[in-house]
Trainee: 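I'd like to ask some things about the structure below.
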Protein chains: 2
Amino acid sequence: MAHFTHHSEENYLKTLFKLESRQDKKVNNTALAKALNLNPATVLEMIRKLTDRKMVQLKPDKSIQLTEKGKKKALLTIRKHRLWEVFLVEKMNYKWNEVHELAEQLEHIESADLVDRLDGFLGNPPFDPHGDPIPDKNGKIKPNLSVPLSDCIPGKNYTVINLIDTSDEFLQFLGKLNILPGRRIKLLEKLKYDNSFSVEVQEKTVQFSEKVAKNILVQSV
Amino acid sequence: MAHFTHHSEENYLKTLFKLESRQDKKVNNTALAKALNLNPATVLEMIRKLTDRKMVQLKPDKSIQLTEKGKKKALLTIRKHRLWEVFLVEKMNYKWNEVHELAEQLEHIESADLVDRLDGFLGNPPFDPHGDPIPDKNGKIKPNLSVPLSDCIPGKNYTVINLIDTSDEFLQFLGKLNILPGRRIKLLEKLKYDNSFSVEVQEKTVQFSEKVAKNILVQSV
DNA sequence: CATTTTTATTTGGTATACCAAATTTTTTAT
DNA sequence: ATAAAAAATTTGGTATACCAAATAAAAATG
Ligand SMILES: [Mn+2]
Ligand SMILES: [Mn+2]
Ligand SMILES: [Mn+2]
Ligand SMILES: [Mn+2]
């Protein structure tokens, strides 16, 4: 029963993590307050609590920095948020632009075990519906993770990393479409009725089957 | 962003609803405090807030009574709780005895729409994993709802209400098992490997197929 | 009916999480 | 270096939800 929600702690950590990684520059109280849409006095007070909890460090230059502990908690919260978003889109039939607010609520459900089960239930998706990578249960985002184009999100840009099928036939086919490792492509659409893929390559739109898409490893840009 | 959680309101209403229906007698502050495991001073304070919000009425004899508004909110919270429990058992593979605490968290997610979608996703289950009925989206628990025995929960007692198949063959078969409308039975087990049913009828255990179970309408006791 | 006992209520606190309005400190620009 | 601007901090509040201890009121018991 003990009401240890600390609901807002997760929001602070998540926001701090995003600010730290988006710009590489230091995060100050004003920036954090702006990002959280809160009063600077409120944020300062909370940062002091988070310092006591060893989640952040207040540097001598007054910049705020996540500790390893804080970073991990931030990533685990991001994991929860993104997995719930996948659930909402894939299972509850929401559109990708409708799920954020609900995920803001669901991300605060406390149970590492539930999230891990959800992950499995959803087939261990590498990305959320907006194309953002989903951290693993240890809070690690695999760097340079390449995934089959068939698992990707329409509307996002990718770099071709590798090809699984290396038969001449396949490579020649891709050659005609101008697809090769290193190439920047954009996944335009996954067509429902025949599972075919529509992709933009060098200003041109090309089409191919799901079988082809499964053999193209890409990485989100 | 506005933190309108009113997280605890739902707990008070739910608990009040259960106390009101379990015993038919009036609910006083002490009983509610005991049920919520809170200090009576805390509960009194909250009951005054709930009175302002027209969720409860403080009767002249100091008993606490849910208004229609309060009863509806209580039932919608119970609906959320029970549907999430079904989700946890059916989709997340938890055991029925492991889901209550998680459902206590999930029941406070604010979105009537999500719960309705969840309901559909789960196939509109009539009961939660403990055999308790799930209110509909208007907060109504259908009185005397009879359901196929095939949808029921092992370990619970039921009354046979009706038979869908009325062929002589079927009725004669049931006659041999001593199953007929009005009979009290207990569902012992749903056997995984052949989907057969094990039921206790008048001190004896009988077995039959899922096809038979689908044709027996029962009501939980 | 008077005395326990129980229940209700009041009072003064606590913790979390917010805010607005000073004030102080630091930075930037002139 | 000084003035202006920006950022940090302090101070005094608010709302939600809790509690312990004291007091008042009501109910039960002999
Ligand atoms: Mn989101
Ligand atoms: Mn959030
Ligand atoms: Mn439960
Ligand atoms: Mn609850």
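Just so it is clear: chains get the letters A, B, ... in the order the sequence lines come, proteins before strands, and each one is counted from 1.
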Trainee: What is the distance from CD1 of A:Ile64 to C1' of D:dA8, rounded to the nearest Å?
Mentor: 10 Å

Trainee: Could you check which of D:dT9, C:dA8, C:dC18 has an atom nearest any side-chain atom of B:Asn28?
Mentor: C:dA8

Trainee: Of all heavy-atom pairs between B:Trp96 and B:Val89, which one has the smallest distance, and what is that distance?
Mentor: CA-CG2, 3.9 Å

Trainee: Using a 4.0 Å heavy-atom cut-off, does A:Thr30 contact any base of the nucleic acid, only the sugar-phosphate backbone, or nothing at all?
Mentor: sugar-phosphate

Trainee: Using heavy-atom distances to pick each residue's nearest nucleotide on DNA chain D, tell me which of B:Asp61 and A:Ala31 is more 5'.
Mentor: A:Ala31

Trainee: B:Leu58 CG to C:dT9 C1': how many Å, rounded?
Mentor: 12 Å

Trainee: Looking only at side-chain atoms of B:Arg48, point me to the closest of C:dA20, C:dT25, C:dT9.
Mentor: C:dT9

Trainee: In whole angstrom, what separates B:Lys62's NZ from D:dA26's P?
Mentor: 5 Å

Trainee: Once hydrogens and angles are ignored, does a donor-acceptor distance under 3.5 Å link the base of D:dA20 to the side chain of B:Asn39?
Mentor: yes

Trainee: Whole-Å distance between D:dA8 C1' and A:Leu32 CG?
Mentor: 13 Å

Trainee: Between D:dC19, D:dA17, D:dT9, which nucleotide has the shortest distance from any of its atoms to the side chain of B:Leu38?
Mentor: D:dC19

Trainee: If you check the A:Ser8 side chain, which of D:dT16, C:dC18, C:dA8 turns out closest?
Mentor: C:dC18

Trainee: Scan every strand shown for a Watson-Crick or G-U wobble partner of C:dC1, both distances under 3.5 Å, and answer none if you come up empty.
Mentor: D:dG30

Trainee: Looking only at heavy atoms, which two atoms of A:Ala33 and A:Asn39 are closest? And how far apart?
Mentor: CB-C, 4.3 Å

Trainee: Nearest whole angstrom, please: distance from the C1' of C:dC18 to the CG of A:Leu50.
Mentor: 15 Å

Trainee: With a cut-off of less than 4.0 Å, is there a side-chain N or O of B:Thr42 near OP1 or OP2 of D:dA17?
Mentor: no

Trainee: Is the number of heavy atoms from other residues, nucleotides or ligands within 6.0 Å of NZ (B:Lys214) greater than 12?
Mentor: no

Trainee: Given atom CG of B:Leu44 and atom P of D:dA17, what is their separation to the nearest angstrom?
Mentor: 15 Å

Trainee: Measure CZ/B:Arg53 against P/D:dA15 and give the value in whole Å, please.
Mentor: 13 Å

Trainee: Compute whether any side-chain donor of one residue and acceptor of the other, for B:Glu85 and B:His81, lie under 3.5 angstrom apart.
Mentor: yes

Trainee: Any carboxylate oxygen within less than 4.0 angstrom of a Lys/Arg side-chain nitrogen, looking at A:Lys26 and A:Asp61?
Mentor: yes

Trainee: Between A:Tyr12 and C:dT16, does any side-chain N or O lie under 4.0 Å from OP1 or OP2?
Mentor: no

Trainee: Roughly how many Å is it from CD in B:Glu45 to P in C:dG12, rounded to a whole number?
Mentor: 14 Å

Trainee: Taking the side chain of B:Ala41 as its heavy atoms from C-beta onward, which of D:dC18, C:dT10, C:dC19 lies nearest to it?
Mentor: C:dT10

